[in-house]
Amino acid sequence: MMKKQSELYMEISTPVDFNFMECLVHLGRSSQENLYRVQNARVTKVLKLNNELVLFHMTPVKGALRLAFPLGAPTASNSELVRAYVEDWFDLQTDLQDFYAMAQTDSLLSALVQQYRGLRVIGVPDLFEALVWAVMGQQINLTFAYTLKKRFVESYGESLIYEEERYWTFPSPEKIALLSVTDLRALQLTGRKAEYILGIALAMTNGTLSKEQLLQEQDMERSLLEIRGIGAWSANYVMMKCLHSQTAFPLADVGLHNALKVQLNMERKPTQVEITKFAEKWRGWEAYATFYLWRSLL
DNA sequence: TCCCAGGACCGTG
DNA sequence: CACGGTCATGGG
């Protein structure tokens, strides 16, 4: 049945300090990314919502993001889920005024916030995806991490084809929970990481771990650290990318170290003690400070 | 070939 | 509690 064209569109208003093109720089950082596609100023993605694959793309318009559903308008319920996903993904609910005010007084951040103004923390709204991605990225270079994710997604995700390109959903914990260590070893994950991922999938399947639950925790970090395979770095990474914690701070992050080394024109990477000292000024905005520093490496 | 990579776990002292 | 060995493989 034909729908009126107006029903195939939806607009999400964006905050003042929002620059879609800056966000696209982050989104476009890996040519191996297969969970969305960036073409010019358009991002296309598919989500599985209420047991249905929903494809949408978004483009910036004045003061808003325009979402379009080229394969057909979703149900009212699903279109609201897409809206929520996008707001979550681009962190549209956070007011950055205080961050920018703080950053202006910090010699380390002042140039970065001017250069990248409007960049938001690009999130990973799906908790399972955030946790798995954190585990995959541990102790290996980012290029290889993307290779692993690509294999994982294309082995166990769902997909559809639009304009001759295939779009993938991230695998569900239910599907992964049925696998064995051997299955994941075949993707060249280490045995240990395979165990971690299976454990996370199982915990999310049997209901002992969920995003809703974590968001209600007084101490999200402590809860995350109880998960096997999630240490301080991963816990803070997930808090920053999935749980919208502004104070999350992956202190041990190699990318953070490299960015600081460059920004401070150092011969060596700073120690964690030195980083803790710099971060004192960022109190309350550690996640954004980290994200802007990461951005400086692209 | 060597060192490093968006670490975490586990055993030892 | 701090330290170091171990995992395990690709990228540059």
Side-chain angles (χ1 to χ4, degrees), chain A residues 25-33 35 112 116 119 121-124 126-127 129-155 170 180-203 209 221-243 245 247-263 266-276 278-279 282 286-298:
Chain A
V25 174
H26 174 86
L27 289 176
R29 71 193 166 140
S30 172
S31 59
Q32 297 195 86
E33 180 58 65
L35 292 174
L112 297 181
Y116 310 131
L119 172 68
V121 168
I122 305 301
V124 179
D126 176 357
L127 177 66
E129 179 184 340
L131 287 165
V132 168
W133 178 233
V135 168
M136 280 184 179
Q138 291 167 6
Q139 185 57 25
I140 61 174
N141 64 70
L142 212 44
T143 305
F144 183 43
Y146 272 109
T147 301
L148 291 175
K149 185 176 82 162
K150 184 175 161 68
R151 288 181 190 150
F152 183 77
V153 167
E154 295 182 0
S155 297
F170 197 77
S180 67
V181 167
T182 311
D183 294 325
L184 294 181
R185 284 280 293 135
L187 307 178
Q188 282 179 292
L189 282 157
T190 66
R192 199 100 64 160
K193 286 185 181 179
E195 291 172 15
Y196 298 162
I197 290 170
L198 292 178
I200 290 164
L202 201 59
L209 174 63
E221 183 172 6
R222 189 185 54 75
S223 299
L224 286 164
L225 289 173
E226 287 173 2
I227 303 168
R228 184 156 180 267
I230 301 300
W233 176 84
S234 298
N236 280 272
Y237 180 85
V238 170
M239 288 162 63
M240 169 179 172
K241 297 278 283 186
C242 183
L243 303 173
S245 163
T247 56
F249 190 42
L251 180 61
D253 185 76
V254 173
L256 175 66
H257 300 175
N258 286 330
L260 286 168
K261 178 185 171 207
V262 172
Q263 292 303 314
M266 296 172 75
E267 295 286 331
R268 56 170 177 80
K269 289 193 284 192
T271 65
Q272 295 197 4
V273 174
E274 291 171 321
I275 297 171
T276 305
F278 299 135
W282 310 338
E286 290 87 343
Y288 262 89
T290 300
F291 201 74
Y292 271 64
L293 282 160
W294 283 347
R295 169 67 181 82
S296 72
L297 293 172
L298 296 179

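Each chain gets a letter, A, B and so on, in the order the sequences are listed, and its residues count up from 1. The figures here come from the full heavy-atom set of this structure, side chains too, leaving out hydrogens, waters and symmetry mates.
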For the pair made of [atom1] in [X] and [atom2] in [N], what is the distance, rounded to whole Å?
X      : N      : atom1 : atom2 : result
A:E195 : B:dG7  : CD    : C1'   : 15 Å
A:I197 : C:dA8  : CD1   : C1'   : 14 Å
A:E221 : B:dA8  : CD    : P     : 11 Å
A:L189 : C:dG10 : CG    : C1'   : 13 Å
A:D253 : B:dA8  : CG    : C1'   : 15 Å
A:K261 : B:dC4  : NZ    : C1'   : 12 Å
A:L256 : B:dG7  : CG    : P     : 11 Å
A:I200 : B:dA8  : CD1   : C1'   : 12 Å

Between [X] (side chain only) and [Y] (backbone N and O only), is there a donor and an acceptor less than 3.5 Å apart?
X      : Y      : result
A:Q138 : A:G229 : yes
A:E195 : A:V181 : no
A:K193 : A:M136 : yes
A:E33  : A:S30  : no
A:Y196 : A:I230 : no

Do the side-chain N or O atoms of [X] get closer than 4.0 angstrom to the phosphate oxygens (OP1, OP2) of [N]?
X      : N      : value
A:R151 : C:dG10 : no
A:S234 : B:dA8  : yes
A:Q188 : C:dG10 : yes

(message) Measuring only the C1' atom in each nucleotide, how far is B:dC9 from C:dG10? A whole number of Å is fine.
(response) 22 Å
(request) Identify whether any heavy atom of A:A232 sits under 4.0 Å from a base atom; if not, whether one sits that close to sugar-phosphate; answer base, sugar-phosphate or nothing. (result) sugar-phosphate
Among the nucleotides [options], which one has an atom lying closest to any side-chain atom of [X]?
X      : options              : value
A:T143 : C:dG11, B:dG7, C:dT9 : C:dG11
A:K269 : C:dG11, C:dT9, B:dA5 : B:dA5
A:Y196 : B:dA5, C:dA8, B:dA8  : B:dA8
A:R192 : C:dA8, C:dC7, C:dT9  : C:dC7
A:F144 : B:dA8, B:dG7, C:dT9  : C:dT9

(request) Mark yes or no for a side-chain to base donor-acceptor pair under 3.5 Å between A:Q138 and B:dA8, with no hydrogen or angle criteria applied. (result) no
(request) Return the orientation label for the A:F152 and A:F170 ring planes: parallel under 30°, perpendicular over 60°, tilted otherwise. (result) tilted
(request) Hey, which sits more toward the 5' end of DNA chain B by its nearest nucleotide, A:H26 or A:G229? (result) A:H26
(message) On DNA chain B, compare the nucleotides closest to A:N141 and A:L225; which residue's is nearer the 5' end?
(response) A:N141
